[in-house]
Structure formats: structure tokens, C-alpha cells
2 protein chains.
Amino acid sequence: MATIKDIAKEVGLSITTVSRALNDYYDVSPKTKKRVKEVAEALNYSPNHIARSLVMKKTKTIGLLVSDLMREGVKDNFTFEVLTGINKCAGDLGYDLVLFSTSSDKQKEKTYTQLCRERRVDGVIISGIKTSDRYLTEVVTSDIPCVLIDIPVNSNSVGFVTTDNVLGAMKAVQHLIELGHTEIAFMNGHDFAYVSKKRLEGYLSALEKAGLPIHNEWIVNGSFLDSTAEKVAYELLQNNPEITAIFCASDLMALGVIKAATKLNIKVPEDLSIVGYDDILLASYVTPSLTTISQDKYQMGYQAAELLISMLKDNTTPHQRLLNTHLVIRESTSLHNKQ
Amino acid sequence: MATIKDIAKEVGLSITTVSRALNDYYDVSPKTKKRVKEVAEALNYSPNHIARSLVMKKTKTIGLLVSDLMREGVKDNFTFEVLTGINKCAGDLGYDLVLFSTSSDKQKEKTYTQLCRERRVDGVIISGIKTSDRYLTEVVTSDIPCVLIDIPVNSNSVGFVTTDNVLGAMKAVQHLIELGHTEIAFMNGHDFAYVSKKRLEGYLSALEKAGLPIHNEWIVNGSFLDSTAEKVAYELLQNNPEITAIFCASDLMALGVIKAATKLNIKVPEDLSIVGYDDILLASYVTPSLTTISQDKYQMGYQAAELLISMLKDNTTPHQRLLNTHLVIRESTSLHNKQ
DNA sequence: CTGAAAGCGCTAACAT
DNA sequence: ATGTTAGCGCTTTCAG
């Protein structure tokens, strides 16, 4: 494998000059540049990123830390779409993306900081961790540049991108209210998710604005899982037949709720309207297709990468980005059936 | 950031000894090892992978080259599941995974080989490229260790993992035949896919075995896209009402075929049985749910990584792995309705 | 068991 | 415009 040394020998110049020629420095004569580049080509030279990184102390690499790239994440390919966006932006801006797999067993032996420092990534993007995760506290205390997805931490070295979850939830509930629903339950995720808090806020605020009473028993947690949501919804619907609509904090849970409804012989949307959240791929394919709050996951990833890289270059810009959501009306909601 | 030099100074030993202590060499006294490790810990030392890679000429990193991690791939999260498997195995075996985004524009300026050599990956896994892709020829001629997903190239430096596509297709068609179908069409992918060739082989062979005639007009290409498949199927079904079953080379296309059938007022599975291929997430969620040939995508990724890493260590093992598929019977197939 | 010295491929002062 | 020198942090002969 040819190195700049080989090129230097070939053209009869010092390696310094070769290095500078290759990197288009201003103080190298065009002639030399041309010769050097020709020889480089002829020798089939590829620069050694490793060597460069070592001396420059920059790897042009960002890490992606996902709590569960593994199995479960496959269902809602939320993570995947985010990853796709990150990857694109990183590529556009000349950065490499390396995946950190945090298998739970490894999590114990290696700290977040160690992980990042060993691999010498310039910065990290973290997605899909709970607010209770031990990594989170580490992030804030470490000084590794970092962007979080959907967790609002803002310090000198860490920023975040998220969507307006309060507004998103409000849109969902308001849609139901406009359809004439007044008995609206809420299937939330879990207490360790920032988005859950915000979506609850939106749910409550929408009801309040409409002058609707709040039933605390109608606010339940489905852990963001379809199976859990199904179980919880089954109970909820069985005990509270007056409910005519449910807003779910994720599409996956909405799917679970539909299953529960089906089992109870409750028709969606005739007897029960359901709004999901996320607009995952499944949402448009299932029957009935899901009315939902759509977030642009690809864009979240793209923005996260862009934010991180901008932080790497110049740490003065604001460290947060807020994305919009929009309501997508499909088949799982309909006008309230006054009997 | 502490280096072994700092440790050396602290413990009053040479950096050589420190390096060997840290790496558990046999010729360092247990006492020294202990002291060194303690100091390392105290100094919050993290080894510099970059520096190590430079001298060892091994990065312990594998690259993943996907033709389209981008947008389209989101629908069938085939790639994602493969990625998940690769990531897990790489993690298990102490390798990092870096993503190569081959945006089509970049594809022109950088060759496959350059890409790999610059980043100094030890090996590469390539997924989702067509047999016509220019990368493919490069792979074979380059000597970079490489494992292909679903493309059978076998040389000293390249291997592959795939499933038994002939057998898979046969299982699908035989299932239809057992249900009493005799007029069975085939929606294939495109001519540049290895799997398409194999699945066609299986389709033909199953018909032949059953003594069923082959209609060449009933073998069509849907480009692995639901939209294309829908269009093509619409024509096919309209012009050949005698068809009672269609085997599709991918679930996504099966979805398209169902749409076409619905538009033509053909009921699935009552009037038309459909078998897909892949068993993507959607398959079990759509209505009617898809009977399909399931391949373990996670496992394909895992095996690919394992194969690659084994090739890196010891190039004597066979360079290919064949995985099984199995038939999953759901709602899109039923007994042929003899009228 | 430990250390001195060389070097991986590259960049960056600081000359010239 | 080009060359000299030093060094990034680590491993690895080769000598004690």
C-alpha cells in the first residue's frame, strides 16, 4: 500500500511537500501539485485516515449509541429511520458513522465515556435511551460533544433534537374533539420518557381548553409496547364502556389497543376512535389504517447529525432543534356516534 | 487524556512495560501488572485505538456497504434487520461497525476500494447491491476481505451468505399446489438479482415436479417494488382471469398484488391465493396477513459478520453459508375454489 | 522480568 | 516554494 513516502521518493520531493500538495495547501506551486497528484494516482495511493487522525486528534467520525438496536426496535423502525437520516447527513458532511452496540452485558464493564474515548469519535448521537438510563447522567458530566434524540439536555457539550410533543398531542386530541368525542382516554408510554411527559401535557391541555373533564383513571401506561398496551387497553375498555376515543403515545401501542378493542367486540372506528403517534410504516398498512401524529424521523436524524457536526466546528450556535409534527387522518378515527 | 506515557511516569516504569502489563503479556510480573492497572484506573486511562491501529495495521473495524440505506429501504426493513444482526455479532467479537453511505453521487468519485482503504476497515459486508452494480466487479478484483449478502461470489478474499432460494420458492409453490391450485403465476423481482434467478428456478421446478404446464406470460417482474408489482399484477390478472394463485418473490410485491386484486374486485384469498417471500414485519400485520417464505434476516447479518471475521483470522474455512427458510402460513392463501 | 529504540503514516512548526 | 525535525500514542524487536 503506497504512502506519501513512496510518492515523495518517486517525485523526488520531501514528504512534507507531498503532504501539502495532496491537501491543496496554498504554498505549493501548481506544477508540483499536479505532478504529485499524478504520481499518487499512478501509485494507487489512498490516504491513511488512521495516521491522519492520530496526529490531528480528530477522527471525522461520529458514534451512534442506541440503547436497543437489537430485536425489539425492529417493529417500529423508528430507530432505523433516524439512523438513515444521520447516515445521510454524516456522509454529506464527510463524516463516518460508527455504531456502538450497547449489549446490556457490556454496559456494565464499559462506561459511555470509555466507549467514546477508545474509539476516538469526535462526537456522539444517542437515541432511544430512557431518562432513567445511567448513560444519561454520564453524558452530561462528560465533555464529549453529544446530541440526544428526544431528551432535552442542554449544556456546553450536549444538545438535542426533538419534536414539539405538547403541540403534537394537542393536535391529536383536538382532532378527536372536533369529531365530537368527549370521553377521550390516553394510552401513554412510561414515566421514564421525556416524550411521555410532554404528550401528557398536551393531552391535558387540549381537554382543558375544550372544557372537558379529566379522568385520571383514563390515563394509562402501555410501555410503548403493543402487547402491554393491548392488555392495559382491554381492562380500560372493559371497565369504562363510556370511552369513545383513545389517544395513544405511539402507533405500536395503538395497534395493541385495536387488538384489545377487537377482542371486546368494539369496532374501530365506529365505536372507538384511535389516534396514534409517530406514523410508523405499519400505520398506513394495517386495517383500519391509523390516524396519527406524524414525525419526520429521517429528518430528526439528519438534524441531529447536522447539529452535532456544527457543534464540533463552532460551539456557539444554539444546541437544540425543534421539529414539527402533523396530523395524518386515516381510517381509525371517525365522527362520534351519538346514540 | 492520559496515555501510557503518563502511567509510565507515575509508576516509574518504561512505557514498554506499561504497554505489556496492560495487554497482559506473560513476561510481566503479576505485581507490576497490578500496580500498572491500578494507576491506569486512577488516571482514568483509555487506550487509544487509533494509535494502536496505526502500528498494528488492523483496525478491528468492519465496514457495511449498503446500496440504499436511504429512503426506499425503509419499507421492507430487510436491511435494517440484517444490520442489527451484523452489529450484534461485531459487538460480540470485539469489532466496530462503520457505515459506508454510498450516495449515488459519491459512488462516482470514490471507488469501493478507495472507500475501504481510506477508512482502513479490516473487511466489508455488502448488502443490497444488484448483480449489475459496478461495485461488484471491484469486489472480486480487490483483495479486501468481503462478505456479500445474497450474491454468490467465492474467491480467496470474498465469501457470501444466502438462503436456499430454490428450495424456498419450491416450498411456496408446493404449498399452493397442495391447496389445489394449478394456475399459478409468478411475480419475480428483476433480472439483476441473484435471488430472482434462483426463485424462478424453484418456481419452475415445483411446477414441473407436479406435472403442471408452464405459462411464460405468467412470469413477470415487479422490480421488488409494491408500486410496480401492483401495476404489473393488474394487467396480468385482467388478461388472465384463469390464474388462481400468485407466488411473489417479495412480500412488498405481494402487497402490491393484493392491491391490484382488490381494485379488480378479486378477493384474497377466496379468489386468489398469494404467497410472498421474506416475512417482513408488515406481512403479519396487513389484512389479509401474508403467507410467506420466511428468512431469518437477523441471522443472515449475524452469520455474515461471523464469516467475515473468521476469514480475517484464518482464511482456510469455506467462504459461504447457506441458511434455511420456512413456510409461514397465514391468511393470504386458501384451498382452491373449484367452481 | 524490564528498558531503549525504532517506527506505523501522517501533519505542523520552523527554518531556509 | 520546499525541506528539516519533531511528534501523535502505541507495539515490537532486540538487549540486557
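To find a chain, count down the sequence lines: A is the first, B the second, and so on, and within it residues start at 1.
Without hydrogens or angle criteria, R20(B) side chain to T17(B) main chain gives no donor-acceptor distance under 3.5 Å. In this structure a side-chain-to-backbone donor-acceptor pair under 3.5 Å is present from E138(B) to Y112(B). Within the 3.5 Å criterion, the main-chain N or O of T111(A) finds a donor-acceptor partner in the side chain of Q114(A).
One interatomic measurement links the two molecules: NZ of K60(A) to C1' of dC10(C), which rounds to 16 Å at whole-angstrom precision. The interatomic distance linking K5(B) (NZ) with dA5(C) (C1') rounds to 14 Å, in whole Å. The separation between K58(A) atom NZ and dA12(C) atom C1' is 15 Å, rounded to whole Å.
The salt bridge (Lys or Arg N to Asp or Glu O under 4.0 Å) analysis of residues 38-66 of chain B, with sequence neighbours excluded, yields the pairs K34(B)-E38(B). Pairs passing the side chain to side chain donor-acceptor pair (under 3.5 Å) check and including a residue from residues 145-155 of chain A, sequence neighbours excluded, read D150(A)-T162(A).
Applying the side-chain contact (heavy atoms from CB on, under 4.5 Å) rule to S19(A) yields the partners I4(A), N23(A); only residues at least two apart in sequence or on another chain are considered. Among residues two or more places apart in sequence or in another chain, the side-chain contact (heavy atoms from CB on, under 4.5 Å) test is passed with D143(A) by none. Remark: K33(A) pairs with D24(A) by the salt bridge (charged side-chain N to carboxylate O under 4.0 Å, His left out) rule, at least two apart or across chains. For K9(A), the salt bridge (charged side-chain N to carboxylate O under 4.0 Å, His left out) test picks out no residue, with sequence neighbours left out. Every residue two or more places apart in sequence or in another chain that forms a side-chain contact (heavy atoms from CB on, under 4.5 Å) with A2(B) is listed here: D6(B), L43(B), Y45(B).
Helix-axis bend for the helix from dC1(C)-dG16(D) to dT16(C)-dA1(D): the local axis fitted to the five terminal pairs at one end deviates from that at the other end by 40°, rounded to 10°.
Residues from residues 13-39 of chain A placing a heavy atom under 4.0 Å of any atom in DNA chain D, listed by number, are L13(A), S14(A), T16(A), T17(A), R20(A), D27(A), V28(A), S29(A), T32(A). A heavy atom lying under 4.0 Å from DNA chain D marks the following residues of residues 44-56 of chain A, by number: L54(A), V55(A).
Here the straight-line distance linking atom OH of Y95(A) with atom CD1 of I86(A) works out to 14.5 Å at 0.5 Å rounding.
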Solution key, residues 304-313 of chain B side-chain donor-acceptor pairs under 3.5 Å, sequence neighbours excluded:
residue	atom	partner	partner atom	Å
E306(B)	OE1	R321(B)	NH1	3.1
S310(B)	OG	L307(B)	O	2.9

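Between V158(A) and H319(A), the closest side-chain pair of non-hydrogen atoms is not below 4.5 Å.
First and last contacts of DNA chain D with chain A, using any nucleotide atom under 4.0 Å from a protein heavy atom and ordered 5' to 3', fall at dA1(D) to dG9(D).
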